[in-house]
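Comments concern the structure below.
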Amino acid sequence: MPCVADWLNNPFSIVQGIFAQNVPNSDWEKKVTEYFKEKLKENNATNWVPSLNDVPVHYLKPNSLVKFRCMVQDMFDPEFYMGVYETVDPNTNARVLHFGKYRDVAECGPQQEIDLNSSQTVTSERQTLYCVPVPGESAWVKEAYISASQARVSPSTSYTPSRHKRSYEEDEDMDLHPSKQKEQHMGSGGDIHGCVEPKRLETEASAGHHLISPNCSPPLDLNFPLPGEKGPACLVKVYESWDTFKVNDVLEVYGILSVDPVLSIVNNEESQPVIQLFCDSLENLVVRLQNPVEYENPTCIHRKMDSSALDPMECMDTAEEQRVHSPPASLVPRIHVILAQKLQHINPLLPACLNEEESKTFVSNFMSELSPVRAELLGFLTHALLGDSLAAEYLILHLISTVMSFQRSFESWTKYSRHTFKQSYARRDVLPLGKFTVNLSGCPRNSIFTEHIYRIIQQLVPASYRLQMTIENMNHSRFIPHKDYTANRLVSGVLQLASNTSLVVDETQLEQGQLDTTGVHNVTALGNLITWQKVDYDFSYHQMEFPCNINVLITSEGRSLLPSDCQVHLQPQIIPPNMEEYMNSLLTAVLPSVLNKFRIYLSLLRLLDYSISDEVTKAVEEDFVEMRKNDPESITADDLHRTLLVARFLSLSAGQTTLSRERWLRAKQLEALRKARLQQQKCVNGNEL
């Protein structure tokens with residue numbers, strides 16, 4: 001039986017064994033998937049697999065099994081490849097079948113040639129996803145995944161690190177100072193013959209968006225949505241069920257790492273001929289297979305040929321497209337996927353799937369201690385919001401809010417479509433239900449306060465981003481992703497975020513100035529994101545809606561210029577003499593174990609289902625009718641919608657998945673306090689809320 005080292009370090013040996021036993025039966029592909037699926041089910045086996053999120057590429061063995069936690073930033077056109085091909089020895093006429101799946105470059109011995117006329121050739125199709133690390137992923141998430149890893153890795157170069165694994169952040173100094181790295185490791189190791197191999201050029205993705213590629217000029221843009229992001233971008237080759245994946249999905253993929261040097265020199269005019277397995281279209285592939293001699297320019301599927309053969313990338317239209325779609329593998333490695341799954345969440349403190357029996361036990365145990373965790377979190381956020389417990393209540397409700405899927409929203413809310421409720425919920429087919437954008441007004445015009453509020457949120461949620469709403473940022477930042485037809489790729493923007501990301505918009509930074517056309521478009525895009533939970537990506541000739549699920553918190557002095565579901569005016573009860581010292585002391589005073597409970601609490605409650613019984617529905621309906629009778633001018637359908645949202649999140653915050661009369665009354669009480677505070681502020685400042 002294969003040992004761990006076989007399926008982790010040399011998965012091709014496993015694939016080859018299964019292929020040899022089952023060819024020409026097409027079931028060999030399914031058996032490969034089942035084999036690795038069973039292996040990864042073993043106790044902690046997923047922790048043995050090295051992650052590209054944690055380990056620089058040059059520390060990983062080529063063609064080994066790796067995993068990658070990522071967001072789909074773009075989807076390239078499908079490509080056709082030789083799933084099975086046959087080689088022939090011209091001297092002996094000996095024939096050998098090979099598999100092309102999970103490979104970029106054909107395996108072909110020195111005395112072998114690919115027989116393009118072979119009846120054994122099988123043409124297959126695969127989808128390439130351009131994937132980046134989850135935008136805005138919190139540092140505590142990265143650290144928790146690294147701590148859980150049991151992978152043993154060593155550099156694929158000649159030097160040996162002092163530790164088995166090192167994160168991108170830890171490796172950054174060496175990447176930015178290669179001479180220092182060379183000096184540190186000079187003479188520390190060599191190959192099996194005792195010869196010291198020169199360290200190959202490595203330019204890792206730890207310094208941000210742009211990287212210098214030996215064969216690409218200008219610098220390669222890794223197309224991260226957020227500025228300052230670190231980590232690798234990868235071309236993820238998917239072989240099964242790729243139609244279930246879409247742009248902005250968060251995935252965890254397990255596959256074979258491909259960093260073959262020929263992928264890095266494919267655009268080099270002086271490169272040696274290589275045997276590529278893919279092609280731009282099935283039509284071209286068929287022509288080349290039918291007429292291998294007559295077809296003078298076999299641009300994608302190469303036999304052994306002289307150096308005058310055209311480059312395999314000539315099947316692409318432009319040089320820019322070649323740069324983007326076939327970047328150097330040392331900068332953008334390839335992963336050939338064996339297993340892939342969409343992630344419900346990226347919180348490493350929670351089980352990956354909450355539907356399994358072991359996960360249900362975890363959830364049950366945590367729910368039993370939910371009340372004290374909520375009380376501690378409320379106290380913590382009250383201190384962070386300068387003693388304002390009402391604002392802290394609404395911040396908790398905001399942090400556990402989430403847009404429901406259409407099916408869940410329909411089932412949860414369709415029962416309200418009766419007389420008085422019709423005007424509130426007749427829009428359920430267009431409005432995203434469950435979103436709860438909060439405008440925290442009354443914030444001091446002090447970047448230290450809003451910056452530290454964001455730092456606290458960053459410590460609580462798995463992914464977040466602080467958007468400083470300055471005239472400069474509005475006019476010069478790229479918010480909306482757009483299609484670059486020259487490079488044939490989707491150019492990312494700040495609003496291309498993964499589901500459940502917390503977006504903190506700091507409006508206290510806004511000063512007087514003029515918005516240009518870009519600024520107006522960016523503000524409009526922010527408003528659409530908040531109201532409709534969608535971003536209209538720009539495809540030049542048309543716009544395409546991409547639905548999203550982003551929690552937006554707006555901090556402002558007065559009422560925000562942007563729309564919101566709920567405005568809460570901050571009323572500080574304490575004014576610290578040193579705001580920075582006060583905020584820093586809050587985080588240092590919280591035990592890591594308590595912080596972890598807060599993180600589990602907020603992530604878990606967002607994943608719970610919620611419903612309202614017919615009995616409570618009738619009681620709420622009657623109560624609303626009574627409220628309208630008593631105050632027909634100020635009680636509107638929007639008030640009902642907001643109060644129902646507050647009641648929903650209040651229930652979930654207490655671990656209750658159905659609405660009770662007690663929670664409904666508490667929601668009405670909170671709303672009354674919030675509106676009274678706004679009215680009081682209006683009286684103080686005139687029309688300004």
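Source: prediction; values computed, not measured.
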Would you say the side chain of [Y] lies within less than 4.5 Å of the side chain of [X], judging by non-hydrogen atoms?
| X | Y | value |
| --- | --- | --- |
| Glu507 | Ser560 | yes |
| Leu553 | Phe436 | no |
| Ile453 | Leu385 | yes |
| Leu665 | Arg663 | no |
| Ile471 | Leu510 | yes |
| Val625 | Asp623 | no |
| Val250 | Lys342 | no |
| Phe449 | Leu386 | yes |

Check against side chain to side chain donor-acceptor pair (under 3.5 Å), Arg666 and Gln669: CA-CA 5 Å; Arg666 174 61 176 159; Gln669 181 187 26; 2.8 Å; yes
Short N-O contact, [X] and [Y], less than 4.0 angstrom:
| X | Y | result |
| --- | --- | --- |
| Lys668 | Glu671 | no |
| Arg445 | Glu511 | yes |
| Lys230 | Glu137 | no |
| Asp565 | Arg642 | no |
| Glu376 | Lys597 | no |

Kindly compute the distance separating [atom1] ([X]) from [atom2] ([Y]), expressed to the nearest 0.5 Å.
| X | Y | atom1 | atom2 | value |
| --- | --- | --- | --- | --- |
| Leu460 | Ile600 | CG | CD1 | 12.5 Å |
| Leu433 | Arg648 | CG | CZ | 9.0 Å |
| Ser147 | Tyr145 | OG | OH | 12.5 Å |
| Leu562 | Thr437 | CG | OG1 | 9.5 Å |
| Asp249 | Leu129 | CG | CG | 9.5 Å |
| Ser464 | Asn500 | OG | CG | 12.5 Å |

Might you work through the side chain to side chain contact (heavy atoms under 4.5 Å, CB included) test for Ile480 and His482, ending with a clear yes or no? CA-CA 6 Å; Ile480 306 168; His482 70 274; 5.9 Å; no
Should the heavy atoms of other residues, nucleotides or ligands under 6.0 Å from NE2 of His345 be counted, would the total exceed 12? yes
Please answer whether the main-chain N or O of [Y] pairs with a side-chain N or O of [X] as donor and acceptor at a distance below 3.5 Å.
| X | Y | result |
| --- | --- | --- |
| Glu229 | Gly136 | yes |
| Arg599 | Leu349 | no |
| Asn475 | Gln514 | yes |
| Ser401 | His398 | yes |
| Thr470 | Gln509 | no |
| Thr588 | Ser585 | yes |
| Tyr582 | His383 | yes |
| Ser364 | Lys360 | no |
| Asn473 | Met469 | no |
| Asn549 | Ser499 | no |

Taking atom types as modelled, is there a side-chain donor on [X] or [Y] under 3.5 Å from an acceptor on the other?
| X | Y | result |
| --- | --- | --- |
| Ser149 | Asp54 | no |
| Ser556 | Asn439 | yes |
| Asn347 | Arg606 | no |
| Gln573 | Asp388 | no |
| Asp506 | Thr508 | yes |
| Tyr394 | Gln567 | no |
| Ser492 | Gln73 | no |
| Thr617 | Asp614 | no |
| Asn584 | Arg455 | yes |

How close do [X] and [Y] get, counting heavy atoms only, and between which atoms?
| X | Y | result |
| --- | --- | --- |
| Ala352 | Gln344 | O-OE1, 3.6 Å |
| Leu570 | Cys443 | CD2-CA, 4.4 Å |
| Thr518 | Ser477 | CG2-O, 4.0 Å |
| Gln458 | Trp140 | O-NE1, 3.2 Å |
| Val535 | Pro481 | CG1-CD, 4.3 Å |
| His452 | Met583 | CD2-CB, 3.2 Å |

Test of understanding: with ring-ring contact (aromatic ring centres under 6.0 Å, His included), list the residues that count as partners of Phe598, not counting sequence neighbours. Phe380
Could you tabulate the donor-acceptor pairs under 3.5 Å formed by side-chain atoms of residues 649-659, not counting sequence neighbours?
residue : atom : partner : partner atom : Å
Ser651  : OG   : Ala647  : O            : 2.8
Ser653  : OG   : Arg374  : NE           : 3.0
Ser653  : OG   : Arg374  : NH2          : 3.2
Ser653  : OG   : Phe649  : O            : 3.3
Ser653  : OG   : Leu650  : O            : 2.7
Thr658  : OG1  : Ser611  : O            : 3.0

Give the C-alpha distance, both sets of side-chain angles, the deciding distance and a yes or no for side chain to side chain donor-acceptor pair (under 3.5 Å) between Gln543 and Asp538. CA-CA 5 Å; Gln543 290 186 328; Asp538 183 6; 5.4 Å; no
Determine, step by step, whether Asn578 and Glu580 satisfy the side chain to side chain contact (heavy atoms under 4.5 Å, CB included) criterion, reporting the C-alpha distance in whole Å, the side-chain angles of both residues, the deciding distance to 0.1 Å, and the verdict. CA-CA 6 Å; Asn578 188 320; Glu580 186 163 6; 3.8 Å; yes
List the steps and the verdict of side chain to side chain contact (heavy atoms under 4.5 Å, CB included) for Leu350 and Leu604. CA-CA 8 Å; Leu350 282 178; Leu604 179 60; 4.3 Å; yes
Assess the residue pair Lys142 and Asn53 against the criterion (side chain to side chain contact (heavy atoms under 4.5 Å, CB included)); give the C-alpha distance rounded to whole Å, side-chain angles, the decisive distance to 0.1 Å, and a yes or no. CA-CA 8 Å; Lys142 294 181 172 72; Asn53 300 93; over 6 Å; no
State which residue, out of Leu678, Val438, Leu670, fulfils the side-chain contact (heavy atoms from CB on, under 4.5 Å) condition with Val568. Val438
